[in-house]
Every structure is written in C-alpha cells, then in structure tokens.
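To start, the structure itself, in structure tokens.
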2 protein chains.
Amino acid sequence: MTTARTPSVGAGGNGDGDWAGLSTRERILRAASTLFATRGYGGTSTREIATLVDIRQPSLFHHFPSKASIAEALLDHSLGRVAEPVAQLARDGGSAAARLYGYVYFDTRFLATSPYDLAGLYSDDILNAPELADWRRRLDTLHDAIADLVRQGIDGGEFVPIDPDFAQRVISGLNLITISMHHGQSAAWAAQFADDVATFALRGLIAALSDLPRARRDGAAIADRLGHATV
Amino acid sequence: MTTARTPSVGAGGNGDGDWAGLSTRERILRAASTLFATRGYGGTSTREIATLVDIRQPSLFHHFPSKASIAEALLDHSLGRVAEPVAQLARDGGSAAARLYGYVYFDTRFLATSPYDLAGLYSDDILNAPELADWRRRLDTLHDAIADLVRQGIDGGEFVPIDPDFAQRVISGLNLITISMHHGQSAAWAAQFADDVATFALRGLIAALSDLPRARRDGAAIADRLGHATV
DNA sequence: GTCTATAACTTGATAGAC
DNA sequence: GTCTATCAAGTTATAGAC
C-alpha cells in the first residue's frame with residue numbers, strides 16, 4: 001500500500017528565507033549551511049538537512065554523492081575564489097596596510113552578501129576531516145598569506161610590532177564574526193560594513209593613525225581589483 | 001609593546017606521557033577537551049575519548065553520567081567562574097577602558113594557563129544542545145556585560161563609535177584565539193600575553209591612544225581584583 | 001528526481017561480573 | 001573502578017520502483 005507523496009508543499013515556511021524558485025540543489029546548500037552553523041558538521045545529520053529541504057533523506061544523494069561533498073560545494077563557493085588571489089596579493093609590492101585593508105574589505109563584503117551561513121565551515125571539526133584535506137591546505141595558504149602581509153607591514157614600519165600569527169587569527173576571526181552576524185545582505189549595506197571592519201582591523205595594527213586615510217583610499221582600489229581577478 | 005613570539009602548546013601529545021599521576025576523571029576532561037576542539041562536540045564519540053584515556057568506553061560512565069556532563073564540567077571550569085564577576089564589573093563605575101582591559105587581561109591569563117583546550121566548547125554546535133541551555137544563558141550574560149562595557153565607553157567618549165555587538169564579538173573572539181593558540185602555559189608567560197591581548201583590544205577601541213597607559217595601569221588593578229573575587 | 005526499503009555501521013548508554 | 005557484552009536508536013549510503 002504505497003501512498004503517493006506530494007513533493008511540493010510551499011506552505012511550510014521553514015522560517016529561514018523564502019526559497020521559492022530555487023533549485024533543490026540550492027535549497028540543500030542553504031539548509032546545510034544553516035545547520036552546519038548551528039549544530040556543527042558532525043552534529044548535523046543528512047536527515048535534518050532533508051527535512052529542512054522537505055525531501056526524504058536518500059533524495060539528497062541524487063544531488064550530492066556524499067555529505068562531505070555538500071560541505072565541499074560550500075567551501076568552493078567561499079574559500080575557492082579567495083585563496084589564490086590573496087596569495088598573489090601578498091607577493092605584490094606596495095603598502096602592506098593598503099593591501100590588508102583591500103583583502104579584509106573584499107572578503108567581508110563577499111561574506112556579508114553570501115546567501116549561505118558559512119560559520120560552521122571554518123572550524124576544526126569540519127576541516128580536520130580527511131576527505132577535506134585539500135580544503136584545509138587551501139585555508140592554510142590563505143592564512144599564511146595574511147600572516148605574511150602582516151609581517152611585511154611590521155618590517156616596513158607601517159604596523160606596530162605584533163605576533164603575525166596572532167594578528168592573522170584576529171583577521172580571520174573578523175571574517176567569522178561577519179559570517180555569523182550578517183549574510184544575505186544587500187551590496188550597498190555590505191560595502192559600508194566592509195569598510196567598518198577593514199578600518200577596525202587597521203586601527204589595531206597601524207603604527208600611526210594618520211596613515212589610515214591613505215591606506216583606506218588605496219585599499220579600496222585593491223579590493224576592487226581583487227573583485228575582478230580571474231581565479 | 002613587546003608582543004612576544006609564541007611558543008607552542010605543551011599539551012600537544014595525545015600520549016599518556018604528561019598525564020602521569022592524574023586521576024582518571026582529570027584525564028577524561030583533558031582528552032575530551034582536546035577532541036572537542038579538534039573534531040567538535042558532535043564529531044567526538046565517547047569511544048574516542050575512552051581510547052585516548054586508555055580505558056574502555058563504558059568506563060567513562062562511572063565518572064560522568066553522560067557525554068554532555070563532560071562538557072558541563074569543562075564549562076563550569078571556565079565560564080563558571082567568570083560570568084558573574086564580569087557582570088558586576090559592568091555595573092561598577094569608573095573608566096570603561098580600564099574595566100575592559102581588566103576583564104580581557106583576567107580572562108586571557110586564565111585561559112592561557114588552563115590545562116584544557118577549551119576551543120570546542122564555545123561554538124554553537126555545543127551550546128545549542130538543550131541540556132546545556134543553562135550554560136548558553138550564562139554565556140549570553142557574559143556577552144551582554146561586555147557589550148554594555150563597550151557601550152559605556154562610547155557614551156563616555158573613551159571609545160570610538162562602534163557597534164557594541166560587533167566589539168563584543170571581537171573581544172570574545174580574542175578569547176577563542178587565546179584558547180586555540182595557548183593553553184597550559186606558565187603564569188609568567190600568560191601574564192605577558194594577557195597584557196599584549198588586552199592592549200591590542202584597547203587599541204582598536206580607544207579614541208585617544210594617549211589614554212592607553214592610564215587604562216593599562218588602572219586595568220591591571222581591576223584584573224587583580226577579579227582574580228580575588230569570591231564566586 | 002523523488003520515493004520506500006534497507007544494508008552496514010556507529011552512536012550513547014546500561015547490566016552485571018570481577 | 002574497570003571490564004565484557006549488549007541494546008536501542010541513529011548514522012551514511014545504496015537499490016530499485018515509479
């Protein structure tokens with residue numbers, strides 16, 4: 001006695017956002033990102049994801065070959081397009097303060113407009129999984145580039161003496177704060193917020209506050225260039 | 001301004017070497033904290049904890065009635081002794097900059113000397129668990145007190161205008177960075193590091209950098225008082 | 001593309017011997 | 001206080017009907 005299920009509901013309203021018109025794959029990504037953020041990767045089951053999407057659990061596997069591949073798609077969306085351009089930025093010459101502003105602005109604006117809640121993706125509990133080792137390596141590359149940028153700023157006298165590893169963690173922490181406070185924001189709002197965050201980051205690092213306006217102006221151009229970089 | 005280069009953490013080895021003489025209960029707490037930090041709460045099984053302690057999995061339940069109670073013991077150790085004194089601190093009068101320095105210094109020094117790797121305890125994946133709702137509430141209390149302190153600093157003109165909620169997240173992020181970079185450090189080293197971190201926090205918030213030496217001096221006294229507060 | 005059914009396995013926790 | 005043995009429930013993932 002197989003009772004036919006009506007797959008489309010529409011009235012449910014899972015409180016999150018309105019997913020009308022989105023593909024199932026896209027709804028899976030958004031549901032998974034929310035659950036990863038609130039319950040962790042290990043604490044999220046594929047059943048919970050499926051329930052939020054309003055399909056049955058095995059139907060997920062038509063769109064993604066494994067649970068880890070859902071996380072990989074989200075990592076590709078966020079980390080995939082920033083790691084290499086920033087590594088290049090750290091090799092470019094010029095003011096380290098302006099380049100750091102440029103990176104923070106660029107990444108903050110991107111994360112604040114992302115439709116996904118990526119907070120759960122950048123914790124050890126997910127990146128230590130063996131099948132995501134490649135993504136862990138790419139995140140390490142990004143972190144190295146940021147620490148290198150800080151080191152250049154210290155060596156050039158633009159920044160106060162500070163442990164570059166500590167500073168890198170603070171900057172990466174700003175990204176996580178951005179993610180958890182705001183996602184899915186409008187472009188205009190995100191641009192304002194990105195300036196606030198990048199300015200705040202520089203205030204903590206810069207030796208002479210009188211250098212800030214210049215770093216902000218030059219950094220805005222660098223952020224713009226990052227946005228157009230071919231990855 | 002002597003932000004020192006960083007030594008590595010002593011408790012890196014999962015071996016039983018540095019656990020000689022510790023009670024089984026204590027070894028469970030240390031093993032669990034390490035695993036919660038690296039694999040998340042949901043991603044850590046009681047079998048993994050037991051393996052690291054070198055006992056069988058059911059033996060854990062002689063020392064703790066549930067997996068969640070292990071997390072609770074770690075939360076009690078860290079959050080338990082700081083939430084109320086800091087809430088009181090936010091109600092005290094005086095310089096907000098000095099009080100904020102005092103809190104950050106106090107908490108950083110405590111976390112850097114803790115034998116546990118508490119990084120995994122302060123993420124949503126664990127604090128959203130229903131059985132830990134009381135601890136979530138206490139953490140919210142701490143966060144409210146910090147945001148309130150920031151708000152007082154802005155209203156009094158000591159701090160630059162900034163979103164108090166954003167500033168609170170940055171300060172709490174500094175705690176997480178401290179936890180993940182250093183634990184099990186010596187008291188002397190931790191005191192130096194705590195000054196570095198608290199000074200860094202104030203640099204980002206304070207309106208006039210010339211106020212920093214006074215806030216640091218007065219804040220050191222406040223941190224000392226927090227250390228002697230009866231909880 | 002989604003479903004039902006289920007395989008193969010891991011999970012937290014309990015019972016009871018020693 | 002630790003063990004062996006085990007349970008009920010939950011896990012990811014597959015098979016095959018429609």
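Chain A is the first sequence line, chain B the second, and so forth, proteins listed ahead of strands; every chain is numbered from 1. Treat the numbers as computed from the prediction; the structure is a model and nothing was measured. Side chains included, hydrogens not; waters and symmetry mates left out as well; all remaining heavy atoms used.
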Approximate separation, where rounding is to 0.5 Å, of A/D134 CG and A/R136 CZ: 12.5 Å
A/L174 CG to A/F200 CZ distance, which is reported to the nearest 0.5 Å: 6.5 Å
Using atom [atom1] of [X] as one end and atom [atom2] of [N] as the other, report the distance to the nearest whole Å.
X     : N      : atom1 : atom2 : result
A/R47 : D/dA13 : CZ    : P     : 12 Å
A/L60 : D/dT14 : CG    : P     : 13 Å
A/F64 : D/dA13 : CZ    : P     : 13 Å
A/Y41 : D/dT12 : OH    : C1'   : 10 Å
B/I28 : C/dG12 : CD1   : P     : 14 Å
A/E26 : C/dG1  : CD    : C1'   : 17 Å
A/Q57 : D/dT11 : CD    : C1'   : 8 Å

Phosphate-side-chain proximity, B/S45 and C/dT10, N/O vs OP1/OP2 below 4.0 Å: no
B/H62 side-chain N/O to D/dG1 phosphate OP1/OP2 under 4.0 Å: yes
Sugar-phosphate only, base, or nothing, as touched by A/T44 at under 4.0 Å among non-hydrogen atoms: sugar-phosphate
Side chain of [X]: nearest nucleotide among [options]?
X     : options               : result
A/K67 : D/dT12, D/dT4, C/dT11 : D/dT12
B/R56 : C/dG12, D/dT4, C/dT2  : D/dT4
B/S59 : D/dC3, C/dT2, C/dG12  : D/dC3
A/I55 : C/dC3, D/dA13, D/dT2  : C/dC3
B/T24 : D/dT6, D/dT2, D/dA15  : D/dT2

Verdict with supporting geometry, A/D140 and A/R137, salt bridge (charged side-chain N to carboxylate O under 4.0 Å, His left out): CA-CA 5 Å; A/D140 288 343; A/R137 196 178 45 71; over 6 Å; no
Among A/T108, A/N175, A/I171, A/I177, side-chain contact (heavy atoms from CB on, under 4.5 Å) partner for A/V197: A/T108
Along DNA chain C (nearest heavy atom to each residue), the more 5'-positioned of B/F61 and A/H63: A/H63
Donor + acceptor pair across side chains of A/S114, A/H77 (<3.5 Å): yes
